Amino acid sequence: MLRLTDTRTGALEAIVPSTPGRLKVYACGPTVYRYAHVGNLRTFLLTDLIRRTASMHGLQVQLVQNITDVGHLQDDTNLDADGEDKLLAQAREEGKDPFWIARHYEEAFHRDQALLGVHPADAYPRASESIDLMLRLIADLVEKGHAYVGGDGTVYFAAESFASYGAISHNKLSELRAGHRADATELAKGKRFHADWALWKRAGENREMTWPSPWGHGFPGWHIECSAMSLDLLGDVIDIHTGGIDLRFPHHEDERAQTDCYAGKEVVRHWVHGEHLLFEGRKMAKSTGNVVLVSDVIDRGFDPLALRLAFLGTRYRQQANLSWAEIAGAHKTLTRWRASVAAWAEQPSAAMVVEAAQVLDAFSDDLDTPRALQVLRSVEKSGAPDGAKFETFAWADRLLGLDLARDVGRAPDALPAGAQDLLDARAQARTEKDFALSDRLRDELAGLGVAVKDTQVGQEWTLT
RNA sequence: GGCCGGGUGGCCGAGUGGCUUAGGCAAGGGCCUGCAAAGCCCUGUACGCGGGUUCGAUUCCCGCCCCGGCCUCCA
């Protein structure tokens, strides 16, 4: 049984699927206007961990993750016809078509996910391809009296029409700072209440990415896409909805209002949010220039899955402080584990150690990944038979996703040209105790990218 | 002003009403080695401040200080 901390209730909740044997999950996906940074990926990893744990409990997981390729504005203070969409801004900057930008960064997102060992979702609906769904939803909300058309043709959701607004973020409408962002001009244009938000925005003359609608040519608001696509693909009962902690308000609050008002009931059963990642003690954000991408990690010579292992060292609902030292440490552990697993695999097979169950228990207990790692470290050091250690790690890796069995039965790397001669010469020098020559040859080999070490049974080499 | 997380040894980070008080990284010592690398072994008693509850508090309660996040851009 998987248990998770539910943001709405604030409590640890047992995850009991609405349909026995099936778990329906909706994950807030990326806005595809730039490369995902490692903080984004940590949040996506959260969903992957839930999926893997649920699968281990025999549940068939249906996961939908949206791709936001329209409607996400840079700054909602400019909620007018010229409101700057993140994608359009990036398209202008790169001198590309906005849809080219969207597809380019969407592909990059999928590549990054794969590098981090995140299993693909069952569906990746795009906002730009779900406009009809959104229009139907908006029309329904207008009809039910939850939405209204402002003076400028923009359709707004009336926040006050949804009694439990604020249940996820624990904000109260009466306590929200009126006009913190929304300005007077916006209210003057026909928005009735400062906390109301746009469902459909009327477009200006020259704007790209617009669609016809009963309320004029325009484009959807950011929040409505998730309501439309989740209702369409998962229906009106969703077991778990995930996302980053910053989405709790306003995005998820607004999404919940739209979805529940349409369905006439509480649609999402559990909201689960991942905390933010700091890097070297500072918030990771473009504005602070403190952004690290998967490609940066690879460029420094680290396995991208070292990043995944580093993430597993902290619980998802804990703000984590990542650093290069942390990644380096994780890389080292990962390398050691893979080598150990490959060596253990050579030994006679044996049943998993009894402690293996503790790994799944830890994952099931609100994704207590630090404890799971601790169990594995202690199994690693224990006196269990190698075959049992192999079985345990191979099985646990279905949860960890670290590709630990990668080096099992792996053919040795090919030596660079000339390296074998140097190795032979060095072996000869060592038999003759000519250590000066031996050391010189070791340096030469290092120059070819071959690291040599001497063990009880002779030279061993690895490619660097 | 409202809401939400935190403050643990040099660093990162789990966790707990007492019990042998994680783990990692870095450090020091040792084994091994011609040297090195790797590996292995050993060492290092910490919980922001002040009260309270308690036989006993880092853990629970109250107050305070400090840090981070959200309050219509964000994973």
Side-chain angles (χ1 to χ4, degrees), chain A residues 7 10 27-31 34 36-47 72-79 84 86 89 159 166 168-183 186 191 194-198 221-223 242-251 253-254 273-278 280-287 309-310 313-330 332-333 335-336 339-340 362 368-371 373-378 381 430 433-436 438-439 442 446 451-456 460 462:
Chain A
T7 312
C28 263
T31 301
R34 58 162 165 74
H37 59 60
V38 297
N40 299 129
L41 295 170
R42 184 192 184 207
T43 302
F44 299 145
L45 176 63
L46 160 63
T47 308
H72 198 159
L73 299 188
Q74 292 276 36
D75 185 346
D76 276 340
T77 52
N78 289 316
L79 244 187
E84 179 100 284
K86 284 173 181 295
I168 303 172
S169 60
H170 306 110
N171 280 320
K172 295 189 189 82
L173 277 177
S174 58
E175 298 291 349
L176 285 173
R177 274 189 184 176
H180 180 77
R181 287 282 173 101
D183 60 19
E186 206 184 327
K191 185 160 131 174
H194 68 85
D196 293 352
W197 64 91
W222 176 33
H223 315 302
T242 61
I245 189 70
D246 52 301
L247 295 183
R248 186 183 40 179
F249 186 88
H251 183 59
E253 207 65 79
D254 293 355
H273 290 100
E275 250 297 350
H276 273 171
L277 181 75
L278 306 180
E280 307 282 6
R282 290 184 302 145
K283 184 186 175 184
M284 187 170 305
K286 209 175 179 181
S287 54
L309 178 55
T314 313
R315 226 153 176 191
Y316 74 94
R317 55 184 163 82
Q318 203 67 35
Q319 215 171 60
N321 187 11
L322 193 66
S323 64
W324 287 116
E326 204 73 27
I327 297 171
K332 205 174 146 185
T333 301
T335 306
R336 189 184 73 232
S340 298
D368 192 350
T369 51
R371 200 170 91 218
L373 294 180
Q374 195 182 330
V375 171
L376 286 168
R377 284 197 170 98
S378 94
K381 296 200 172 191
R430 291 183 59 73
K433 302 246 183 260
D434 184 350
F435 296 118
S438 164
D439 289 353
R442 181 164 62 195
V452 185
K453 57 181 180 180
D454 302 301
T455 69
Q456 305 276 1
E460 275 184 14
T462 47

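As the structure is a prediction and not an experimental result, all values here were calculated from the model.
Judged by distance alone, with hydrogens and angles left aside, the side-chain atoms of Asn171(A) form no donor-acceptor pair with the main-chain N or O of Gly166(A) at under 3.5 Å.
Set against rA75(B), rG34(B), rG39(B), the side chain of Arg336(A) has rG39(B) as its closest nucleotide. Of the candidates rC35(B), rG24(B), rG2(B), rC35(B) carries the atom nearest the Arg430(A) side chain, counting heavy atoms from C-beta on. Between rA36(B), rA75(B), rA26(B), one nucleotide has an atom nearer to the side chain of Leu277(A) than all others, and that is rA75(B). With distances taken from any side-chain atom of Arg248(A) to the nucleotides rC74(B), rG34(B), rC4(B), the minimum falls on rC4(B).
The aromatic rings of Trp222(A) and His251(A) lie parallel to each other, with less than 30° between the two planes, well short of the 60° mark.
For the pair Asp434(A) CG and rG34(B) C1', the interatomic distance rounds to 12 Å; values are reported in whole Å. Across the protein-nucleic acid pair, Leu247(A) atom CG and rG69(B) atom P stand 16 Å apart, rounded to whole Å. Computed from coordinates, the Lys453(A) NZ to rC40(B) P distance equals 11 Å when rounded to whole Å. As rounded to whole Å, 14 Å separates atom P of rA75(B) from atom CD1 of Ile245(A).
Among the heavy atoms of the strands lying under 4.0 Å from Lys332(A) are primed sugar atoms or P, OP1, OP2 only; no base atom is included. Among the heavy atoms of the strands lying under 4.0 Å from His276(A) is at least one base atom, whether or not backbone atoms are also near. Looking at heavy-atom distances under 4.0 Å, Arg42(A) makes no contact with the nucleic acid at all. When heavy atoms are screened at a 4.0 angstrom cut-off, Gly243(A) is found touching the sugar-phosphate backbone but no base atom. Among the heavy atoms of the strands lying under 4.0 Å from Ala195(A) is at least one base atom, whether or not backbone atoms are also near. Among the protein residues, Thr333(A) comes within range of no part of the nucleic acid, since none of its heavy atoms lies under 4.0 Å from any strand.
To the nearest whole angstrom, the two P atoms, one in rC31(B) and one in rA37(B), are 15 Å apart. Taking atom P on both nucleotides, rC67(B) is separated from rC61(B) by 23 Å, rounded to a whole Å. Using atom C1' as the reference point in both rA38(B) and rA22(B), the two lie 26 Å apart (nearest Å). To the nearest whole angstrom, the two P atoms, one in rC41(B) and one in rG6(B), are 34 Å apart. Spacing between rG52(B) and rU45(B) at atom C1', rounded to whole Å, works out to 26 Å. Between rG17(B) and rC60(B), the two P atoms lie 8 Å apart (nearest whole Å).
Rounded to the nearest 0.5 angstrom, Gln374(A) CD and Thr369(A) OG1 are separated by 11.5 Å. Atom NE2 in His273(A) sits 14.5 Å away from atom CZ in Arg317(A) (nearest 0.5 Å).
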Legend entry - Contact letters for nucleotides 6-17 of chain B, in which S counts primed atoms plus P, OP1 and OP2 and B counts the base, heavy atoms under 4.0 Å: S-----SSSS--

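Across all strands shown, rC3(B) forms a Watson-Crick or G-U wobble pair, both distances under 3.5 Å, with rG69(B). Across all strands shown, rC35(B) has no partner, as no Watson-Crick or G-U wobble contact with both distances under 3.5 Å is found. For rC49(B), the paired base is rG63(B) (Watson-Crick or G-U wobble, both distances below 3.5 Å). Taking a pair to require two hydrogen-bonding distances under 3.5 Å in either a Watson-Crick or a G-U wobble arrangement, rC40(B) pairs with rG30(B). Nucleotide rC11(B) is matched to rG24(B) when pairs are restricted to Watson-Crick or G-U wobble geometry with both distances under 3.5 angstrom.
Between His170(A) and Gly274(A), it is His170(A) whose nearest contact on RNA chain B lies nearer the 5' terminus.
With hydrogens and angles ignored, a donor-acceptor pair under 3.5 angstrom links the side chain of Asp454(A) to the base of rC35(B). Judged by atom type and distance alone, Asp439(A) reaches the base of rG34(B) through a side-chain donor-acceptor pair under 3.5 Å. Evaluation of atom-type donor-acceptor distances gives no pair under 3.5 Å for the side chain of Arg377(A) against the base of rG24(B).
One finds no side-chain N or O of Lys172(A) lying less than 4.0 angstrom from the OP1 or OP2 phosphate oxygen of rG1(B).
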